[in-house]
Amino acid sequence: MTRWAGPSIYCGDGWFHVRYATILRTEGIARTFPWWQESFLATRFTDFNLLYHLLLIPFTLGNELTGARIASVVFAAAAMAAFWWCLKTLAVPWPAFFSLALLAAAPEFAYRLTYTRPLVLALALTFAGTAAILTGRGRLAFVLTFLYAHTHCSFHLLPCLALLHAVHTKKKGSGIFIWSLGGAVAGSVFTPYFPNNLAFWWTANVSVLSASWRAGDLLRVGTEMLPVSTAELLAANLGVFAVSGIALYALTRVERVSDEARTLLVAASGFFVLTLLSQRFTELWAPFSVLLLGVVARDLGLPARVPLPAGAWRTAGAAAAIVVLVLGLRHTLRDNGESAALEDPPRWRAAARWMKANVPPEETIFHLGWDEFPELFFEDTTHRYLIGQDATFFWVTDPARCRLWASLARGDAADAWPPVRETFGARWAFVPRRYRSFLALIRRDPRFSWAWSDSDAIVFRVDDDGAVVSGWEVSRWRRRGEETSPAPPVGCSTAGYVDLARASDLPRGIADACAAATTTIVSDAGGAARLGITTDDDVIIRLNGAPVFERSPSRPRSLEQVLDAPATGSAEIAVPVTLRAGENRVDVDSCRAGDDFGFMLRLRPEDRP
């Protein structure tokens with residue numbers, strides 16, 4: 001029910017996995033991934049989710065979105081079946097009850113089971129592998145760990161669990177550790193991606209977490225990688241805390257704690273600590289806490305079946321447990337259904353379809369968020385993008401370029417055109433409207449031409465530079481109506497956009513400021529030309545001392561007005577002029593009238609002498 005309460009795919013990366021399964025079906029295995037231009041994976045690709053993608057292929061043969069829903073249900077059922085089998089194998093009493101208790105106590109875990117992601121299949125292998133390790137089934141542990149290495153990059157989890165169990169059981173557990181480690185090694189070597197997979201494993205397991213904890217704001221990592229407040233963690237996982245508390249109390253009542261309980265206690269405690277650092281580890285903390293409680297219940301000697309008649313105390317206890325279980329399942333079903341219904345519908349598919357139809361193939365699409373890639377990729381595989389799934393892949397490939405990319409998203413760059421067009425080589429830019437700082441930066445730049453938009457995003461064509469006039473000397477600011485200061489210039493701008501507020505040392509909050517800027521245009525032969533001026537301020541342009549253009553806006557324009565009507569925003573105005581051979585002095589006197597205080601001037605490329 002939860003899976004049909006919201007959009008077809010609402011887990012972000014699910015769009016990527018469905019599309020890549022289709023590509024795998026039609027094009028086969030590849031060791032490159034050209035869709036990520038700013039990642040080492042572009043040329044050294046590793047598909048750690050190969051088994052998941054292969055199993056996903058049958059669900060892509062018809063309607064892919066319907067297949068995605070059905071696939072998530074099938075894989076979630078497989079994960080819960082593996083959890084039940086783990087309980088059954090460990091001789092836990094009432095395995096069905098504890099399986100349902102996991103869903104009742106951990107709605108967040110249950111919700112993540114509905115994702116169209118390899119994580120769900122990895123959980124199934126984790127539960128089955130845990131059963132194999134704790135019961136000493138070495139060959140089965142080898143096979144499961146081998147399969148895990150082709151499903152998810154967290155396959156080291158099973159060897160670590162085996163090592164932990166070996167510590168508790170000493171010599172008896174060393175063999176199972178060797179079997180599990182052998183499966184991990186074999187899975188890492190016998191893969192079409194060796195040795196690329198080794199670098200990917202390190203990045204995904206060490207660099208991603210490290211970057212999330214140390215540079216989360218810079219990389220704008222996914223929320224699942226970040227910690228949550230104590231109150232939020234408690235509210236979302238109250239049932240898991242209750243299960244953990246009961247398990248810890250029950251351990252004090254056990255006459256002899258089993259090796260399996262010791263191993264599960266350390267594992268559950270470790271996943272709890274990791275959950276405090278990144279909420280994504282809830283998906284392991286919750287099931288291992290329930291496993292611990294089930295094994296402790298076994299160690300207490302609870303019968304697999306309650307004898308009838310059970311007696312007043314046993315009957316009351318069983319009834320209370322069933323009531324709590326039903327209420328918990330009801331809460332999980334209702335809570336997850338509401339959460340799914342509130343998930344954002346896909347927002348970028350219309351833009352992707354337009355780009356696929358109108359942008360030449362193989363062009364690089366500039367975009368500001370790694371999380372926009374999956375939807376764009378699902379609809380449009382004919383173009384190249386910067387990054388996807390995680391910005392850490394960008395960071396470890398080239399930190400300097402990643403910082404530049406992040407600064408553009410924050411609107412911190414003085415001029416957006418050189419990074420977008422020259423550094424990242426993009427002729428097209430896809431910009432969701434939420435990036436208001438970046439939009440404010442490029443709306444004043446005529447080299448970014450509006451091409452398409454809807455209520456969620458804008459697509460810009462990134463034109464070649466033309467001859468942007470630079471080398472400006474800027475005077476100190478003055479109040480409107482005051483005479484031009486005879487003092488020497490205080491600022492110099494070589495960027496495309498001349499930021500008069502910054503260059504003239506204008507304090508914040510002064511709306512009636514004016515400033516003057518001066519530069520020189522060199523023309524070899526002189527002759528007729530056209531200057532292009534882009535500004536929302538009052539401005540007078542003088543060429544060699546003679547006025548050639550004057551503009552006095554009737555009212556300021558706001559950023560909202562420009563975004564609502566991008567085709568008629570701060571458009572470039574063509575000014576016909578006659579240049580003389582040699583140097584031509586250009587003076588721009590400007591008084592603030594809009595959101596910004598500044599201008600861009602260029603020789604129109606089609607009219608350049």
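Shown here for Ser188 and Asn197, the closest heavy-atom pair between the two residues is O-ND2, 2.8 Å. The two residues Pro7 and Pro346 have their closest heavy-atom pair at CB-CD, 4.3 Å. Shortest non-hydrogen contact noted between Leu113 and Ala79 is CD2-CB, 4.1 Å. Pro118 approaches His152 most closely through the heavy-atom pair C-CD2, 4.2 Å. Across every non-hydrogen atom of Ala286 and Ala106, the tightest pair is CB-CB, 3.7 Å. In plain terms, the two heavy atoms of Asn205 and Cys153 that are nearest each other are ND2-O, 3.0 Å.
Trp15 and Phe378 have perpendicular rings, their planes meeting at more than 60° on a 0 to 90° scale where under 30° would count as parallel. Ring geometry, Phe241 versus Phe272: the interplanar angle exceeds 60°, so the pair is classed perpendicular (tilted spans 30 to 60°). Between His367 and Tyr385, the angle of the ring planes goes over 60°, which puts this pair in the perpendicular group of the 30/60° scheme. Ring planes of Phe33 and Trp36: tilted class, angle from 30 to 60°. The aromatic rings of Phe200 and Phe48 sit tilted relative to each other, their planes meeting at an angle between 30° and 60°. The aromatic rings of Phe438 and Phe448 sit perpendicular to each other, their planes meeting at more than 60°, with 30° as the lower class boundary. Taking the six-membered ring for Trp and thresholds of 30 and 60 degrees, His156 and Trp201 have ring planes more than 60 degrees apart, a perpendicular arrangement.
Contact check for Val240 versus Phe109: no side-chain heavy atoms found under the 4.5 Å cut-off. Looking only at side-chain heavy atoms (C-beta outward), Thr126 and Leu161 stay at 4.5 Å or farther from each other.
In this structure, the separation between OH on Tyr52 and CZ on Arg117 is 9.5 Å, given to the nearest 0.5 Å. Going from atom OG of Ser437 over to atom CG of Leu441 covers 9.0 Å, rounded to the nearest 0.5 Å. Interatomic distance, Asp13 CG to Phe377 CZ, rounded to the nearest 0.5 Å: 12.0 Å. Rounded to the nearest 0.5 angstrom, Leu158 CG and Ile133 CD1 are separated by 5.0 Å. The distance from atom CD1 of Ile387 to atom CH2 of Trp395, rounded to the nearest 0.5 Å, is 13.5 Å. From Asp390, atom CG reaches atom CH2 of Trp370 across 6.0 Å, with rounding to the nearest 0.5 Å.
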Q: Could you walk me through whether Asp463 and Ser449 pass the side-chain hydrogen bond (donor to acceptor under 3.5 Å, both in side chains) test, one step at a time?
A: CA-CA 7 Å; Asp463 297 326; Ser449 304; 2.7 Å; yes
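Salt bridge annotation for Glu375-Arg349: absent, with no cationic side-chain nitrogen under 4.0 angstrom from a carboxylate oxygen. Under the 4.0 Å criterion applied to side-chain N and carboxylate O atoms, Arg447 and Asp415 are assigned as salt-bridge partners. Salt-bridge check for Arg434 with Asp371: passed, with a basic side-chain N closer than 4.0 Å to an acidic carboxylate O. Taking 4.0 Å as the cut-off between side-chain N and carboxylate O, Arg19 and Glu64 count as a salt-bridged pair.
Only one option out of Val459, Val359, Leu386 pairs with Ile365 in a side-chain contact (heavy atoms from CB on, under 4.5 Å); it is Val359.
For Tyr111 and Tyr10, the distance between ring centers is under 6.0 angstrom. In this structure, the ring of Phe394 has its center less than 6.0 angstrom from the ring center of Trp405.
Environment of CZ in Arg502: sparse, with no more than 12 heavy atoms of neighbouring residues, nucleotides or ligands closer than 6.0 Å. Remark: Phe194 CZ is packed, more than 12 non-hydrogen atoms of other residues, nucleotides or ligands lying under 6.0 Å away.
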